[in-house]
Every structure is written in structure tokens, then in C-alpha cells.
Amino acid sequence: MSNDREIIINRAVQEIEEEMTVNLGIGMPTMIADKIPASKHVFLHSENGMLGIGPYPISGEEDPDLINAGKETVTAKTGASFFDNAESFAMIRGGHIDLAILGGMEVSEKGDLANWMIPGKMVKGMGGAMDIVQGAQKVVIIMNHVNKHGESKIRTACELPLTGEKVVDRLITDMAVFDFTEKGMVLTEILEGYDLASIQEKTEATFTVDEKLLEKEGSFSW
Amino acid sequence: MSNDREIIINRAVQEIEEEMTVNLGIGMPTMIADKIPASKHVFLHSENGMLGIGPYPISGEEDPDLINAGKETVTAKTGASFFDNAESFAMIRGGHIDLAILGGMEVSEKGDLANWMIPGKMVKGMGGAMDIVQGAQKVVIIMNHVNKHGESKIRTACELPLTGEKVVDRLITDMAVFDFTEKGMVLTEILEGYDLASIQEKTEATFTVDEKLLEKEGSFSW
Amino acid sequence: MTKVRTSFEDSLSNIKDGDTVIVGGFGLCGIPENAILALAEQGTKDLTIVSNNCGLADWGLGLLLQNHQISKMIASYVGENKVFEEQYLNGELEVELVPQGTLAERIRAGGAGIRGFYTPTGVGTPIAEGKEHKDFNGTTCILEEAITGDVSLVKAWHGDSYGNLVYRKTSRNFNPLAATAGKHTIAEVEELVDIGRLDPDTIHTPSLYVQDLLQGETYEKRIEKRTVREA
Amino acid sequence: MTKVRTSFEDSLSNIKDGDTVIVGGFGLCGIPENAILALAEQGTKDLTIVSNNCGLADWGLGLLLQNHQISKMIASYVGENKVFEEQYLNGELEVELVPQGTLAERIRAGGAGIRGFYTPTGVGTPIAEGKEHKDFNGTTCILEEAITGDVSLVKAWHGDSYGNLVYRKTSRNFNPLAATAGKHTIAEVEELVDIGRLDPDTIHTPSLYVQDLLQGETYEKRIEKRTVREA
């Protein structure tokens with residue numbers, strides 16, 4: 001795992017609180033599962049029809065009838081349940097999932113999310129992402145702060161087609177954490193190795209800085 | 001059971017064909033169940049959440065968790081299934097019930113049905129009747145031809161509030177059988193003891209007479 | 001981590017005057033007996049009750065009527081209750097009659113985050129008056145809106161401490177639907193079983209829908225119409 | 001009275017050129033393997049396929065793509081199939097992408113006689129373009145319409161000759177929904193069991209949804225992403 005990913009995942013796992021029902025998106029978010037402390041009781045929901053995902057199986061014990069939304073073989077924890085896809089998305093759309101952590105391509109300062117298609121490239125489909133960002137009680141997006149060309153992925157407005165409009169509650173990058181509130185986009189944390197100036201430089205979106213963070217960061221050179 | 005009822009029930013049971021899924025309304029229609037020949041394999045659907053109603057239980061074997069839509073204790077046949085009310089009405093509304101036999105207060109010549117409320121009297125509610133008349137593949141109404149004042153219950157237009165508009169496929173009374181087709185209301189059978197004249201006299205609605213019946217009844221005095 | 005509570009009184013205190021409460025059961029079959037008794041005891045007023053029926057005069061939701069705790073009833077059939085009739089006729093009780101399938105679907109929609117749906121049920125009847133009509137390939141439908149509750153009361157056969165529920169025979173009826181549509185769902189069970197004893201393939205109500213789980217001490221399970229055949 | 005058929009070929013002949021076919025499964029999990037193989041063999045053309053995914057190039061629905069049998073695909077995610085990409089880019093294949101929850105709900109609605117429903121999913125995205133919008137207590141929703149099929153193909157674990165079905169673990173997925181929404185539903189099962197062996201409380205698909213029931217001789221059950229941990 002790259003260092004950036006590890007930083008993001010380590011920060012993201014802190015979002016998960018005792019007794020929460022959590023949906024983890026495909027890819028980087030799935031890796032969060034392994035980092036949840038064993039002492040914490042949480043239920044992982046998989047939109048293909050399962051509540052209570054366990055760890056990956058031991059080699060030889062894979063069950064083709066037991067996969068997660070990323071189509072990986074998994075196991076079920078004691079106390080799990082299986083259901084059909086309509087029921088699974090009833091849970092999502094009906095607000096019964098406490099927290100969803102998904103990857104992103106772009107996030108706008110209004111909390112818009114784009115993470116499903118790049119015009120001109122082959123469209124693979126949105127899967128369950130559009131339902132999840134509308135339905136989960138809290139939506140946390142995790143992504144690198146900048147793309148491989150060093151350009152901000154946090155935009156004034158998304159250029160890519162949206163997955164959801166004003167759906168992001170929190171954004172965690174390898175540099176910072178932002179909340180999307182009634183007052184707009186607010187910087188609430190600066191991760192190790194960065195300061196406000198570097199974050200401002202790498203962020204196209206306009207944001208304010210949380211008061212507590214301002215106090216703490218007051219000693220910096222700005 | 002009165003003679004009228006028996007005549008109606010004996011005629012109505014002939015509507016039930018091999019392998020049909022059938023919903024029988026509360027009251028007189030429920031009595032049809034006992035008349036289905038044991039040689040005929042049918043599935044009786046109960047809208048409170050059951051497919052495969054069996055006979056009433058033997059005394060002492062009543063199960064309070066096992067009732068029909070009329071709240072009577074019943075049994076389940078081998079191969080039955082239980083489900084919730086949303087699923088039960090998904091079956092009804094989705095057209096998965098082959099035949100429904102319900103009681104009626106009034107039927108109009110257009111095939112409208114009124115069977116749930118009498119203005120000025122206490123309203124009890126429509127239960128599942130409105131769903132059933134819309135959803136079942138074939139809706140057969142059974143009722144006496146005239147009310148206790150001797151007035152036709154088969155009307156030009158229903159005076160009572162409707163349960164459904166143009167929903168009746170067949171009407172079976174103690175005097176006759178009518179089909180509701182694209183050509184309107186058609187008399188298809190005259191039951192024993194009546195002739196066309198007596199039926200015309202007791203029927204407010206306008207109807208035509210089925211050609212085959214006309215041929216057969218040609219020898220009558222009209 | 002457990003959702004097991006021991007006091008109906010404490011759980012029921014989640015219901016406040018003026019709340020909407022969705023209650024499982026069909027007739028007297030599968031009703032949350034103990035929760036209803038505790039709610040009657042508690043005396044919470046001005047309730048909107050969503051339930052297929054309203055019990056008998058002296059049992060089930062009829063107990064709340066006797067206590068004058070219900071101001072509005074949303075149901076499909078209320079014909080078996082004399083107290084109901086009195087309160088309706090004297091204007092104390094508001095009634096919204098909903099076709100049974102539409103009622104079930106509206107509660108399901110509430111739990112599933114579907115805000116409204118088009119159904120042919122009720123078109124051309126008094127139920128359709130004032131509702132939006134729309135044609136779908138020649139079938140006229142009316143728009144019906146979702147129902148959600150502040151609290152839902154359901155009754156299951158078996159339940160585990162996570163809140164997974166299994167119902168028995170036709171006592172399932174409206175219970176799984178009600179369980180999904182309450183902001184706070186209180187489930188009572190005949191038997192509390194160990195985690196893992198319920199087969200994950202056969203759980204009717206997955207745990208996340210349930211907030212409080214209680215084991216009822218006794219169940220009367222009254223039969224409304226005892227019907228038997230000759231042996 | 002039995003719905004058991006012995007020839008996939010005969011059952012699949014219910015599918016005609018130009019038909020809409022709803023197919024259960026999620027990825028390769030729970031797909032009706034034998035029915036798909038028989039449909040590929042049969043060569044029926046110009047099909048509209050409704051399924052969450054479209055298989056791999058050489059397995060599942062991908063086999064129908066290879067044969068150029070599909071003219072339109074309604075799915076939520078089709079990213080794992082190169083043949084798909086080719087046919088889409090050269091204009092041979094029409095694609096309607098639907099959010100997964102909306103797809104599941106549209107199929108359920110089709111089976112349940114609900115003609116359309118309002119959901120917040122997709123508002124503000126390309127999915128909402130051209131769709132009717134409506135506000136429900138401050139939440140903007142779009143109208144989505146039901147999907148029905150001429151034929152549905154589903155795969156279950158156990159089934160009886162009446163057509164009752166039980167699914168296993170996450171292979172349930174879209175199968176019970178598909179079963180309700182086909183005018184003619186063909187179910188294949190791993191094991192045909194005697195009437196009465198399935199507990200009536202735990203049947204996932206009640207018999208009335210199924211027209212043909214077949215027992216597959218073999219099941220490959222390919223795994224798309226074998227993922228394991230250290231022992």
C-alpha cells in the first residue's frame with residue numbers, strides 16, 4: 001500500500017464508531033475493514049445483499065455464493081443476515097446505514113461528488129454509488145488531494161458528471177479533512193507534513209477554516 | 001346455508017381450474033373452498049400473507065399465528081408459503097393471482113363494482129378489495145341478483161361508492177351468469193328455474209344475450 | 001453490544017404525545033401485545049396510529065381507543081370495534097382508510113426511502129379523489145405517498161440481541177414492514193435466542209432496523225374467529 | 001401438478017427474438033448458468049437483457065454478447081467485460097445504465113404492479129435528465145418506471161416441484177426480484193427437493209412466481225475475485 005493510501009485509510013477508520021452500520025465502497029474504502037479494531041462492534045453492509053461481512057476466507061474455504069459488492073470472496077460474521085438487492089437498497093435509501101465511506105474522483109466546495117465516469121472513456125456504470133450517497137446518514141469521501149498531474153481534485157465545481165449533488169458530509173485526503181456544513185466547506189484538520197498554505201495551494205475550492213483549527217495552527221507562518 | 005347461497009357457490013366453484021392460484025373474498029366466497037374437488041390442485045391465496053390455505057383445523061389444533069384474511073383459524077397445505085403483506089399485495093397487484101372471487105353489493109353494466117361502503121352507515125373499510133379487483137387476472141363477483149326489497153343489484157350505474165371501475169370479468173348470481181366484455185355486459189347462462197324474461201325483469205342494467213345461449217333458449221316463450 | 005431491553009416502560013417512553021406510531025399485526029394475529037399494554041399504561045395522548053386494523057374493544061389497539069389516546073387512525077379495515085365507531089361518529093377520532101395493499105406498500109416505501117409510487121388500486125373510487133393521476137401505458141394510476149413513523153411496534157417469534165427477527169406463519173403480516181418504517185423500532189419477541197442461532201438466510205428483519213428488543217413475559221394470542229372442522 | 005421440466009432447450013424456447021429477459025445474479029454469483037448456456041446455444045437474437053452486470057467475456061451473459069444476441073443492456077455496472085466495450089463503442093449494443101438500487105426497485109415494482117416510483121437517487125446527475133422531478137417535503141425526487149420482462153431467468157439453491165425457491169447467501173441478490181417480474185419465469189436450482197421439505201416460513205420465492213423449474217446438472221460457480229487471508 002502506498003504511503004498516501006495508508007495515511008488516508010488510517011484517518012478514515014477513525015470515522016467508524018461503536019455499533020455503527022457501515023458501507024465501504026469498492027477499492028480503497030474496502031481496505032478500511034482490516035483496520036477496524038477488533039474491540040469495536042460494527043456491522044459492515046454489502047449492497048449485494050449482506051449485513052455483517054467478516055474477514056476474507058482462509059485459502060480453500062472460499063464460497064462462490066458469498067461475495068462482497070466488489071465481487072471478492074468474503075465470510076459472514078456470526079449474527080449476519082442475507083437479503084435480496086431491493087431490501088439491501090431499501091436499507092440504503094431508507095437511511096438505515098449510519099456511514100458510507102466511498103472513493104472520489106472530484107469533490108466540489110458544495111459537497112457535490114463525481115466518482116463514476118470520465119467522459120470520453122468507456123463508461124463502466126455507477127453500481128450502487130448514486131443510491132449510497134443519497135441514502136447513507138453520513139457520507140465520507142476518501143481520495144488523494146491532487147491527481148497525478150498535481151492538480152486539485154477538490155474543485156469549485158465538479159467538471160466530471162456527478163454521482164450526487166450536495167451529498168458529501170466529510171472529505172478525507174492525504175493532506176487534510178474537510179466538512180461540508182450549512183456554512184459551506186470547512187477545513188477541520190491538517191494532516192502531518194502539511195500546513196494551511198500548502199493546502200490552500202493544492203485546493204481549487206474555496207473553504208473556510210474551522211475556528212479550533214485556526215487557534216491551533218496560529219503559530220504557523222501565516 | 002340458504003338455497004340461494006348454495007346455488008351461487010355451486011356455480012362459482014366451477015370457475016376454479018386446475019393449477020390456478022385463487023383468492024377467495026371474506027364471507028360467502030370463503031365457503032367455496034370446501035366445494036373444490038379434492039382431485040383439483042389449486043393454491044388458495046390469503047392476502048394477510050399466505051399461499052396454500054388448507055382446511056379449517058380440527059378442534060384443539062387451532063393456531064393463533066395461522067389465520068386467513070377473514071381472521072378465521074386455518075391450516076396450511078404441504079408446499080405452502082408465508083410472506084409479509086407487501087409481498088402478498090405484490091402478488092395481487094402484479095397480476096400473479098389467476099382468479100379472485102368476491103362478494104358484491106352492486107355491479108354496473110360497465111363492470112364497476114361496489115362492495116365496501118354504504119353512505120350513512122358506519123364505514124368499516126375496504127380491506128384488500130380495491131387491490132384485488134385491480135390486480136387479479138380474472139375477477140368473479142358473486143351476489144344475490146336482487147336485494148331484500150326485491151330490487152336489482154345489477155345497475156345501469158352503481159349508486160354506492162365504487163370499489164373498482166370496470167373491474168368485473170364475470171358476475172354470478174342466484175339467477176344468471178354475466179360476462180363483461182368489450183361489447184358490454186353479456187348474459188351467458190340462465191340458472192335453473194329462471195328464463196330470460198324473469199332475468200330481464202329483475203335486472204336494471206342493459207345487457208345483450210350470448211348467441212349460444214340465444215340458440216339454446218330459443219324454445220322459450222320470448 | 002446488545003439491543004435487549006428489560007423494561008417495556010422505558011422503551012415505550014420513546015413515544016411522545018402527538019407521535020405517529022406504526023403497529024404490526026393483522027386483526028389480533030401477531031400484534032405487539034406487551035408494547036400495546038405498556039403504551040396504554042403510559043397514557044400517551046394524541047397519537048396517530050398506522051395499523052391494518054384497530055383491535056377489539058377490549059384487546060390490542062382497542063385498549064388505546066378506550067383510553068382516548070388515539071386522535072387519528074390510518075387503517076384498511078376497522079369494522080370489528082364498537083368503541084371505534086362511537087369515537088368516529090362523535091368526531092373524536094379522525095380516520096384515513098387506505099386499501100390494504102396500498103397501506104402495506106406505503107409503509108414499505110417509508111422504510112425504503114421511496115417517497116411516493118403510482119398504483120392502479122383505487123382509481124375511480126373515493127380513494128382517488130384529490131390524488132395525482134398518471135397514465136402508464138394505458139393504465140391509469142394514482143400517486144400514493146410513503147408513511148414513516150416516529151416509533152414502530154412489532155412482534156416477532158424469535159429475535160437475537162443484535163435485533164435480527166424471525167416471524168411465525170401469518171403472524172408475519174405487517175410486522176416486517178412496520179419494523180423498517182419507524183425512526184425508532186421497538187420489537188418484542190416470544191423467545192430471545194443466542195446470536196448465531198438464526199440462520200442468516202432466513203432472517204426476516206435484519207438487525208439494523210431494530211433499536212430496542214424485548215422479550216414478552218406472556219402472550220395471550222387471542223383468536224378472533226375460532227373456526228374448526230369436524231375431525 | 002408439477003412445474004419441473006427436464007429440457008432447458010424446451011423451456012428456453014419461450015424466449016423469442018426481440019424479447020426482454022431479466023436475469024438474476026450479481027457479477028458471476030448466483031447466475032442461472034445452465035439457462036444462459038442454453039440461450040447461447042439457441043441463438044435467439046435482438047434481446048434486451050436486464051441484469052445488474054453482463055458477465056465476463058467468456059462466461060455468464062458475456063456468452064450472449066460473444067454471439068451478438070444482445071441489442072440492449074439495462075445494468076448498473078458493466079466494467080468487467082471487454083466484448084461489451086467493443087460492441088458498445090461500435091454502436092452494436094445500446095446501454096441503459098441504472099443505479100443499482102433503482103434497478104432493483106424497478107424490477108421489484110414490475111413484479112409488484114407498481115407502475116412508477118419517486119426516488120432521490122440520481123437527482124442532479126445525468127441519470128435525472130429528462131425525468132419528471134417532484135418535491136416531497138423538501139426532498140427532490142425523480143420518477144422511475146417499472147421494468148417487466150417477457151421471460152425471467154433465475155437461479156436458486158433449493159426448489160420444489162410447485163416452484164417454491166430458497167437461495168443461498170449472497171447468491172440471492174437480484175434473483176427473487178427477477179422471479180417476480182417475468183411474464184414467464186424459468187428457475188434453475190441446484191437441488192430439487194420434495195414438496196414439504198422447504199419450511200413455509202423461509203421460502204424466498206413463493207411458488208406462484210415460477211412457471212418452469214429445472215435442476216442444473218452441474219454448476220461451475222466461477223469466482224470473479226478470489227480473495228483470501230493468511231490462515
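- Within the model, atoms CD1 of D/Ile114 and CZ of B/Phe89 stand 12.0 Å from one another, a figure rounded to the nearest 0.5 Å.
- Put simply, of B/Gly94, B/Gly95, B/Gly135, B/Gly52, the one with the most heavy-atom pairs under 4.5 Å next to chain D is B/Gly94.
- Listed options D/Thr180, D/Thr148, D/Asp199, D/Leu198 were ranked by heavy-atom pairs under 4.5 angstrom with chain B; first place goes to D/Thr180.
- With B/Thr78 as reference, D/Ile195 is the one residue of D/Ile195, D/Asp194, D/Asp160 to meet the side chain to side chain contact (heavy atoms under 4.5 Å, CB included) rule.
- Within a 6.0 Å sphere centred on NZ of D/Lys45, other residues, nucleotides and ligands contribute more than 12 heavy atoms.
- Nearest heavy atoms, D/Ser207 versus B/Leu51: OG-CD2, 3.4 Å.
- Counting heavy-atom neighbours within 6.0 Å of D/Glu41 CD, excluding the residue itself, gives a total of 12 or less.
- For D/Asn164, the part lying near chain B is the side chain, with the backbone staying farther off; criterion is any non-hydrogen pair under 4.5 Å.
- Proximity to chain B is absent for every atom of D/Arg197, based on heavy atoms less than 4.5 angstrom apart.
- Nearest heavy atoms, D/Pro206 versus B/Met91: CG-CE, 3.4 Å.
- Of the atoms belonging to B/Gln134, not a single heavy atom falls under 4.5 Å from chain D.
- Within a 6.0 Å sphere centred on NZ of B/Lys110, heavy atoms belonging to other residues, nucleotides or ligands number 12 at most.
- Of the possible donor and acceptor atoms, none in the side chain of B/His41 sits under 3.5 Å from a partner among the backbone N and O of D/Thr2.
- Within the model, atoms NE2 of D/His204 and CD of B/Glu87 stand 11.0 Å from one another, a figure rounded to the nearest 0.5 Å.
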Start with the C-alpha distance between D/Leu208 and B/Ile97, add both sets of side-chain angles, then the distance that settles side chain to side chain contact (heavy atoms under 4.5 Å, CB included), and finish with yes or no.
CA-CA 8 Å; D/Leu208 86 181; B/Ile97 306 295; 3.9 Å; yes
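- Within 6.0 Å of atom NZ in D/Lys221, more than 12 heavy atoms from other residues, nucleotides or ligands are found, so the atom counts as buried in its surroundings.
- In this structure, the side chains of D/Met1 and B/Phe43 come closer than 4.5 Å at one or more pairs of heavy atoms.
- Your options are B/Glu19, B/Glu18, B/His96, and the one with the most heavy-atom pairs under 4.5 Å with chain D is B/His96.
- Of the listed residues B/Ala90, B/Ala80, B/Ala86, the one with more heavy-atom pairs under 4.5 angstrom with chain D than any other is B/Ala90.
- Counted within 6.0 Å of CD on D/Glu217, heavy atoms from surrounding residues, nucleotides or ligands total 12 or fewer; the atom is thus considered open.
- Atom CG of D/Asn137 sits in a sparse spot, with 12 or fewer heavy atoms from other residues, nucleotides or ligands closer than 6.0 Å.
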